[in-house]
Amino acid sequence: MLSRLVLTDFRNHADLTLATGPGFVVLTGENGAGKTNILEAVSLLAPGRGLRRAALSDMAQQGGPGGFGVAATLAREEGAVDLATGTQATAPERRIVRIQGAATSANAFTEWLSVLWLTPAMDRLFVEPAGERRRFLDRLTLALSGTHASHATRYEAAMRARNRLLAEEGDPEWVSALEVQMAEHGAAVDAARRETVALLADALDAQPIGAFPRAAIALDGWTGDAAALLDELRRGRPRDAAAGRALVGPHRADLIVTHRDKEQAAGLASTGEQKALLLGIVLAHVDLVGARTGHQPVLLLDEVAAHLDPARRAALFARLAGRGQVWMTGTEDALFADVGAGATRIAV
């Protein structure tokens, strides 16, 4: 769990220090007070661009000196770990990461903690383009495979470079070298995703029938080993050059979600059912990560309580009790009456 969070010139928080305990961390306040900004800061203690996927320069306080800092203390049985990330005014889009004071990459965060989140923007996940579901799946996969972010980043970089070379009719040998990179990292990305989907499907099977409908999940799209992907890329050069993009590979995968009891695609379910299906997947994943890694993820739930009826809200709190640190935001204290007396409650 995170026992301390310090924000410096981050969004609307010029200087904020929070001390937090295990279990629920409840942030309440008026709209615009900066509750989601705090969750976004925590989400930066993981690879990627955080829960808003914003540019780093947009995170620095407007009118501030430029740059920002997010520092946290991770409390673990083997001792406290200091984590930090941020930017400097002279390089607003260059992210700095430090663990125990030593400079490293954001991918190194995965060695220490997993951070998952649900935001109101994700309520339409099942009707959005496939790319949004891939990003969601990659976040779930990252919690189980620490190398996943590195493979995904290298695959995307090699693919972009190959696209440029094909468009420019560049050196075929360099194209071949990039295809080797795509094949190696792409096969690893696909394998990690499929393992996550298989494990999560089992975890969903084990979930009790209750307030949250059970989802069935599957990964659709290309699958295979590095040799197969390399062969398809080489044979597909003329087609990819004409299209301006790679038409085969794990970057075209889609997470297929079905409402199991109704045998209906999640995208066709009601808005409330889609939210409940998404929560059910996340709850199953929290249990899966805890069982597989021995450490519960830090879960960020932005405005989730306001969109649930009282029965589902109470069921959510009951399911999450004792399952790691859960940060939640809301405008009213009454929404969290069933959380219990042990929660860290902070007025923002």
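Along the sequence shown, residues are numbered consecutively beginning with 1. Predicted model, so just to flag it, every value in this text is computed and none were measured.
- The CG atom of L299 lies 11.5 Å from the OG atom of S114; values are rounded to the nearest 0.5 Å.
- Using bins of under 30°, 30° to 60° and over 60° for the plane-to-plane angle, the ring pair F317/F24 lands in the perpendicular bin.
- Salt bridge annotation for E232-R235: absent, with no cationic side-chain nitrogen under 4.0 angstrom from a carboxylate oxygen.
- Using modelled atom types, one finds a donor on one side chain and an acceptor on the other under 3.5 Å when comparing H148 with D138.
- Note on L144 and F136: same hydrophobic cluster, where clusters join Ile, Leu, Val, Met, Phe, Trp and Tyr whose side-chain heavy atoms are under 4.5 Å apart, directly or indirectly.
- In this model, no donor atom of one side chain and acceptor atom of the other lie less than 3.5 Å apart for T104 and R98.
- At distances below 3.5 Å, at least one donor-acceptor pair connects side-chain atoms of T344 with backbone N or O atoms of G21.
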> Going through the distances and angles, do R76 and H295 end up as a side chain to side chain contact (heavy atoms under 4.5 Å, CB included)?
Replying inline: CA-CA 9 Å; R76 298 185 65 165; H295 297 287; 2.4 Å; yes
> Do E195 and R292 pass the salt bridge (Lys or Arg N to Asp or Glu O under 4.0 Å) test, and can you show the C-alpha distance, the side-chain angles, and the key distance before you say yes or no?
Replying inline: CA-CA 12 Å; E195 182 180 19; R292 297 281 294 189; 3.7 Å; yes
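- Side-chain atoms of R194 and T223 include a donor-acceptor pair closer than 3.5 Å.
- Using a 3.5 Å distance cut-off with no hydrogens or angles, the side chains of D240 and N163 do not pair a donor with an acceptor.
- Ring planes of Y155 and H251: tilted class, angle from 30 to 60°.
- For W222, the CH2 atom counts as densely surrounded, since its 6.0 Å shell holds more than 12 non-hydrogen atoms of other residues, nucleotides or ligands.
- For the pair R162 (side chain) and A177 (backbone), a donor-acceptor distance under 3.5 Å is absent.
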